[in-house]
Amino acid sequence: MTTPAESTSSRARGPWWREAAITAAAFVLCLLGGALHDGGDTLSPPPAAAYVLAVLSCAALPLRHRTPLAALAATTASGLLVRPLDLLPSPLTVAPAVITAYSFALTARTERRAAGAVSLTSAALLAASAPWFGDLSWQDASRMGAVAAFPLVAGVFGHSVRNRRAYLDAVEERARRAEQSRESEARRRVAEERVRIARELHDLVAHQITLANAQATVAAHLFDTRPEQTRKSLRDLVETTGHALDELRATVGLLRQSGDTPAPAEPAPGLDRLPPLVESFRRAGLEVSVHHEGTARPLPPGVDLTAYRIVQEALTNVTKHAGTGSARVRLAWQRDRVTLTVADDGGGSRRTTPTGSAPPSRPPGYGLIGMRERATAVGGHLSAGSRPEGGFLVTAHLPVPPAKDTTRQPGGVPTGTPPDADGVSAVRRTADAAAAEARTAEAAADGGRAGDARAEEGL
């Protein structure tokens, strides 16, 4: 892993021509400082000592990126030779030391280390520029202050540049991680939506195709002996396949692009659609009885859709696999949950064709898996298995909002009203109407809630 200091150091390394330009500029500044005399207003050709000082101090500049501390020490030691070489101390003669002070502050591992090294350099240059013999004039004092201040200013500037680069690196890293998070979230949402659509397609297609298969089987079996019944079965088959195409078209419509023309959406199915569902199975030859226990009340859209799909898939499995012609559906309403049970008394063997031959073996389906995922997604649970007395039993416990402590249902219907002539109580019809109205208002926003929550908890 690259440390911040290493990253800054690698960034500081530039093309060779830039390094050559910096070294040449420092060399010229050293010679210019050596050409100054006392008073600072006259220039003369640089003496040989100025060339010696410029060569010694500038030779360490190319090393300031790899070994910045050694380069700082070398340029500082060269600056200490200004007085012994009989040159005038000035910021120009110590320009290489100023450059290495900036580089060391830019690449030092810690702030304390950078501050200590730069301060020591300034102190050494200050002591070397002081006239140890003779009087101290104001010009000497100003030159000493400038010689000591320039490395400190360069160190502060280098430290600020380092902090700025570290901040930019952190911003870039956060942006990169945010981009990765967005991509991961997008992939996760795509996977969830794919699983949700796959489950919806399974529930719809498996149900309708199973009914169509049963109706076609009945028509083929009665073709020669009961033509009138055959024609009725074929009419039911046409109606069933038409419903299958409509529901399949509505589900595939979820795959449209955002700019496509939206198709008219119907409310998500719920327990209020249970009578038509049961009737479709009866037309396919499966006698289904429905029993209600307790007081029905509206369900949240996600729970309502889950309850409908579980009953639909359980009855579809009875039609496909159970060797029986009847099934029982029971809905038990309690204070904080509703319990759905779908049972048959078959032997658990697959149906046989009219000719008596067993159908070819098929790979295992996803019906039970989908039902469990749906129940788990809304906070419930589902169990399924063979009954000791024979047949198969599916039991689902789904959470519902607590019932309000009132003596009358919405619309003024008292609790416990007996069933009417149609066999359905006014309480049930009121609850179904409220549920249908809630689903109609919230279908667009909440229709996919069960599928989204399942992907997080059910897989």
Side-chain angles (χ1 to χ4, degrees), residues 1-36 45-82 85 87-111 113-122 124-125 128-129 146-170 172:
M1 182 176 178
T2 304
T3 62
E6 292 174 347
S7 176
T8 304
S9 177
S10 62
R11 185 187 301 178
R13 297 192 188 100
W16 64 269
W17 55 266
R18 190 173 69 179
E19 294 299 319
I22 293 175
T23 303
F27 186 82
V28 172
L29 291 177
C30 286
L31 293 182
L32 183 60
L36 294 176
Y51 284 95
V52 173
L53 179 64
V55 170
L56 292 178
S57 57
C58 292
L61 288 180
L63 303 177
R64 70 185 187 278
H65 299 304
R66 296 185 178 180
T67 56
L69 184 59
L72 179 61
T75 53
T76 302
S78 300
L80 299 179
L81 300 177
V82 173
L85 293 177
L87 299 174
L88 184 67
S90 69
L92 298 177
T93 55
V94 296
V98 174
I99 295 174
T100 53
Y102 167 81
S103 299
F104 183 76
L106 187 65
T107 58
R109 295 183 181 276
T110 61
E111 296 181 3
R113 187 177 182 182
V118 173
S119 300
L120 185 60
T121 296
S122 295
L125 294 178
S129 60
V147 168
F150 267 72
L152 290 176
V153 172
V156 171
F157 183 66
H159 178 67
S160 63
V161 171
R162 176 184 177 178
N163 290 341
R164 177 64 178 174
R165 290 179 178 177
Y167 170 75
L168 293 178
D169 289 341
E172 292 177 358

Subject >> Closest non-hydrogen atom pair between Pro46 and Leu31, with its separation >> reply: CG-O, 3.7 Å

Subject >> Heavy-atom check, side chain of Leu106 versus side chain of Phe157, under 4.5 Å >> reply: no

Subject >> Side chains of Pro68 and Thr100 in contact at under 4.5 Å (non-hydrogen atoms) >> reply: no

**OP:** Identify the two heavy atoms, one from Pro96 and one from Ala26, that lie closest to each other, and give their separation to 0.1 Å.
**Re:** CG-CB, 4.3 Å

**OP:** Test side chain to side chain contact (heavy atoms under 4.5 Å, CB included) on Arg113 and Leu69 and set out the steps.
**Re:** CA-CA 10 Å; Arg113 187 177 182 182; Leu69 184 59; 3.8 Å; yes

Subject >> Nearest non-hydrogen partners of Ala60 and Ala71, listed with the distance >> reply: O-CB, 3.5 Å

Subject >> Salt-bridge criterion met for Glu111 and Arg162 (N-O under 4.0 Å) >> reply: no

Original post:
Can you tell me how far CZ of Arg18 sits from CD1 of Ile22, rounded to the nearest 0.5 angstrom?
Top reply: 6.0 Å

Original post:
When rounded to the nearest 0.5 angstrom, what distance separates CG in Leu53 from CZ in Phe27?
Top reply: 10.0 Å

Original post:
Does any non-hydrogen side-chain atom of Thr75 lie less than 4.5 Å from one of Arg64?
Top reply: no

**OP:** Applying side-chain hydrogen bond (donor to acceptor under 3.5 Å, both in side chains), name anything that partners Ser57, two or more places apart in sequence or on another chain.
**Re:** none

Subject >> Nearest heavy-atom neighbours spanning Val147 and Pro89 >> reply: CG2-C, 4.1 Å

Subject >> Pairing residues for Ala124 by the side chain to side chain contact (heavy atoms under 4.5 Å, CB included) criterion, not counting sequence neighbours >> reply: Thr76, Leu80

Subject >> Which atom of Leu125 lies closest to which atom of Ala97, heavy atoms considered >> reply: CD1-CB, 4.2 Å

Subject >> Nearest non-hydrogen partners of Pro151 and Ala101, listed with the distance >> reply: O-CB, 3.9 Å

Subject >> Any side-chain heavy-atom pair of Thr93 and Cys30 under 4.5 Å >> reply: no

Original post:
Heavy-atom distance under 4.5 Å between the side chains of Val161 and Tyr102, does that happen here?
Top reply: yes

**OP:** Report the residues that fulfil side chain to side chain contact (heavy atoms under 4.5 Å, CB included) with Ala95, sequence neighbours left out, ordered by chain and then residue number.
**Re:** Leu29

Original post:
If we only count heavy atoms from C-beta on, is the Ser103 to Leu61 side-chain gap below 4.5 Å?
Top reply: no

Original post:
Roughly how far apart are Phe150 CZ and Leu92 CG, rounded to 0.5 Å?
Top reply: 8.0 Å

